[in-house]
S.K.: 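For reference, the structure I am asking about is given below.
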Amino acid sequence: MSGVVLPLDEVEPAPSVVTIGNFDGVHRGHRLLLSRTVDGALDRGVRSVAVTFDPHPASIVRPDAVPLALCSLDERCRLLIDAGVDLVVIVSFTDALSRLTPAEFVEAVLVDRLRAGRVIVGSNFRFGHRAAGDVVTLVELGELHGFDVEAVAVRHDDDQPISSSAIRDALLGGDVSRAATALGRLPRLIGEVVAGDGRGRTIGVPTANVAISDGLVVPARGVYVALAHVDDVAVPAVVNVGVRPTVTDGVEQTVEVHVIDRDVDLYGQPLTVDLVDRIRGEQRFDSVDDLVAAIRADIDVARERLAG
């Protein structure tokens with residue numbers, strides 16, 4: 001088996017080494033757990049499994065405080081598979097699941113279907129109704145059901161823990177570099193190119209208007225150096241996130257991508273954009289001519305930074 005994604009109820013029972021978590025963004029801390037899981041499974045000659053949840057548990061237990069996601073479920077699964085696990089298991093997080101005791105949760109998820117022989121989690125892992133279970137609870141249940149537990153310390157950068165929430169905060173503050181360091185890759189935006197007002201083409205800077213799904217993180221308003229994936233090739237681009245205060249009433253936020261030195265029609269297609277750096281925050285200009293001059297300067301900056 002290699003690179004399979006299944007809901008829990010479709011998984012064939014078989015011995016496994018398992019890691020479990022929400023894995024939003026699949027950042028460097030997550031990938032440490034995943035690499036330990038893959039290595040442990042190879043040592044035992046069994047499958048490696050990453051268990052994740054959909055929707056986010058907060059949507060059930062704290063519906064008024066659901067965090068914005070760093071990536072979609074599809075992208076999360078792709079990143080988990082890319083990390084080398086044999087199987088990604090999606091557990092549907094329901095009200096009924098949220099009410100399982102730690103013991104019931106372990107039996108339903110780790111024992112009955114996955115037949116876990118080893119479970120690898122972060123040292124801050126919590127599970128079961130009202131997050132009553134912790135690593136100590138998991139070790140005790142492992143002794144009962146025949147699996148051992150490895151708790152991996154939270155990974156840090158400059159004494160700061162790497163976490164999905166910290167990466168989310170960095171992006172919302174426009175700090176692409178800090179987010180990239182924690183992720184171990186460039187932050188990514190994915191969406192379908194939809195119809196805009198065509199104003200960019202009239203001023204000589206055509207843009208693709210990218211629709212980002214509700215519930216996903218969009219970085220702080222401003223202009224970014226980026227790489228747009230066009231025909232499977234990463235090409236230089238500039239991304240503007242904002243409400244275009246110079247030319248609109250400044251209400252609706254858009255994500256506009258200008259592919260540098262290429263005239264491409266991306267309408268109706270999915271577009272993937274990797275954010276490299278932030279050039280500046282959003283500005284209002286006195287005239288369209290001033291706006292165009294600023295955009296041209298942004299493009300020059302992007303060329304320079306990408307060349308470097």
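Computed from a prediction, not measured in an experiment: that's the story for all the values here.
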S.K.: With no hydrogens and no angle check, is any side-chain donor or acceptor of E104 less than 3.5 Å from a backbone partner on T101?
M.R.: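 At least one qualifying donor-acceptor pair exists.
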S.K.: Is the backbone of N22 close enough, under 3.5 Å, to the side chain of T52 for a donor and an acceptor to pair up by distance?
M.R.: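 Present.
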S.K.: Is there a donor-acceptor pair under 3.5 Å between the side chain of R126 and the backbone N or O of G133?
M.R.: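 Side chain of R126 to backbone of G133: a pair is present.
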S.K.: Group every Ile, Leu, Val, Met, Phe, Trp and Tyr by side-chain heavy-atom contacts under 4.5 Å, then state whether I299 and L275 land in the same group.
M.R.: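 No, I299 does not connect to L275 through the hydrophobic network.
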S.K.: Apply side-chain hydrogen bond (donor to acceptor under 3.5 Å, both in side chains) to N240 and H258, showing your working.
M.R.: CA-CA 8 Å; N240 182 78; H258 170 69; over 6 Å; no
S.K.: Do you see a donor-acceptor pair shorter than 3.5 Å between the side chains of H30 and D24?
M.R.: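 No, no side-chain donor-acceptor contact under 3.5 Å.
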S.K.: NE2/H156 to OG/S163 distance, rounded to the nearest 0.5 angstrom?
M.R.: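 Separation between the atoms: 9.5 Å.
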S.K.: From R113 CZ over to L6 CG, what is the distance, rounded to the nearest 0.5 angstrom?
M.R.: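 Atom-to-atom, R113:CZ and L6:CG are 10.5 Å apart.
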S.K.: Partners of V139 by side-chain contact (heavy atoms from CB on, under 4.5 Å), sequence neighbours excluded?
M.R.: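 Per chain and number, V139 pairs via side-chain contact (heavy atoms from CB on, under 4.5 Å) with V135, E143, V149.
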S.K.: Side-chain contact test, heavy atoms from C-beta onward, threshold under 4.5 Å: evaluate it for R62 versus D64 and give yes or no.
M.R.: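 Side chain of R62 against side chain of D64, heavy atoms only: contact under 4.5 Å found.
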S.K.: Nearest 0.5 Å, what's the CG-CG distance between L8 and L114?
M.R.: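 Reported value, rounded in 0.5 Å steps: 6.0 Å.
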S.K.: Would you say that P57 contacts L97 through its side chain, given a criterion of any heavy-atom pair below 4.5 Å between the two side chains?
M.R.: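 A side-chain contact is absent here, since even the closest heavy-atom pair is not under 4.5 Å.
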S.K.: Quick one: sort the F105 and F127 rings into parallel, tilted or perpendicular, breaks at 30° and 60°.
M.R.: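 It falls in the tilted class, 30° to 60°.
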S.K.: Is a side-chain donor or acceptor of R47 paired with a backbone partner of A14 at a separation under 3.5 angstrom?
M.R.: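 At least one qualifying donor-acceptor pair exists.
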S.K.: Can you find a heavy atom in the side chain of V257 that is under 4.5 Å from one in the side chain of Y224?
M.R.: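 Answer no - side chains too far apart.
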S.K.: Working to the nearest 0.5 angstrom, can you tell me the gap between R118 CZ and L110 CG?
M.R.: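 With rounding to 0.5 Å, CZ (R118) is 14.0 Å from CG (L110).
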S.K.: Is R278 reaching over with its side chain to a backbone N or O of R221, donor-acceptor style, under 3.5 angstrom?
M.R.: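 Looks like yes, one N/O pair under 3.5 Å.
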S.K.: Less than 4.5 Å apart, any side-chain heavy atom of S177 and any of D277?
M.R.: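 Of all side-chain heavy-atom pairs linking D277 with S177, at least one is under 4.5 Å.
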S.K.: Run the side-chain contact (heavy atoms from CB on, under 4.5 Å) test on D274 and H229 for me, step by step, so that the C-alpha distance in whole Å, both residues' side-chain angles and the decisive distance to 0.1 Å come before the verdict.
M.R.: CA-CA 8 Å; D274 293 330; H229 294 260; 2.8 Å; yes
S.K.: Is R280 atom CZ crowded by more than 12 heavy atoms from other residues, nucleotides or ligands, each under 6.0 Å away?
M.R.: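 Atom CZ in R280 is packed in, count exceeds 12.
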S.K.: Do D82 and R78 sit within salt-bridge range, that is, some charged N less than 4.0 Å from a carboxylate O?
M.R.: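 A salt bridge links D82 with R78.
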S.K.: If we ignore hydrogens and angles and just use 3.5 Å, is the side chain of D158 paired with the main-chain N or O of Q160 as donor and acceptor?
M.R.: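 Not at all, since once roles are kept as given, no pair shorter than 3.5 Å links the two residues.
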S.K.: For D95 and R99, what are the C-alpha separation, side-chain angles and deciding distance, and is it a salt bridge (charged side-chain N to carboxylate O under 4.0 Å, His left out)?
M.R.: CA-CA 6 Å; D95 182 67; R99 296 180 183 279; 2.9 Å; yes
S.K.: Is a side-chain donor or acceptor of R28 paired with a backbone partner of T181 at a separation under 3.5 angstrom?
M.R.: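 Yes: the side chain of R28 pairs with the backbone of T181.
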S.K.: Measure the shortest side-chain to side-chain distance between C77 and I90 over non-hydrogen atoms and say whether it is less than 4.5 angstrom.
M.R.: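 Contact flag for C77/I90 side chains = yes.
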S.K.: So which of V210, D232, I190 actually passes side chain to side chain contact (heavy atoms under 4.5 Å, CB included) with T272?
M.R.: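 Only one option passes, and that is I190.
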S.K.: Determine whether V238 and V301 satisfy the following criterion, side-chain contact (heavy atoms from CB on, under 4.5 Å), listing intermediate values before the conclusion.
M.R.: CA-CA 9 Å; V238 172; V301 170; over 6 Å; no
S.K.: Nearest 0.5 Å please: distance from the CZ atom of R305 over to the CD1 atom of I279.
M.R.: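 These two atoms lie 6.0 Å from each other.
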S.K.: From L42 CG over to D86 CG, what is the distance, rounded to the nearest 0.5 angstrom?
M.R.: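 If we round to the nearest 0.5 Å, L42:CG and D86:CG are 7.5 Å apart.
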S.K.: Show your reasoning for whether side-chain contact (heavy atoms from CB on, under 4.5 Å) applies to R303 and D261.
M.R.: CA-CA 10 Å; R303 282 199 187 98; D261 297 331; 2.7 Å; yes
S.K.: Taking atom types as modelled, find out whether T94 and S92 have a side-chain donor-acceptor pair closer than 3.5 angstrom.
M.R.: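 Judged by distance alone, the side chains do not pair up.
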S.K.: Give the table of side-chain donor-acceptor pairs shorter than 3.5 Å for residues 31-41, with sequence neighbours excluded, one pair per line with atom names and distance.
M.R.:
unit_1 : atom_1 : unit_2 : atom_2 : d
R31    : NH1    : V26    : O      : 3.0
R31    : NH1    : L183   : O      : 2.9
R31    : NH2    : L183   : O      : 3.2
S35    : OG     : R31    : O      : 3.3
S35    : OG     : L32    : O      : 2.9
R36    : NE     : E150   : OE2    : 2.9
R36    : NH2    : E150   : OE1    : 3.3
R36    : NH2    : E150   : OE2    : 3.1
T37    : OG1    : L33    : O      : 2.8

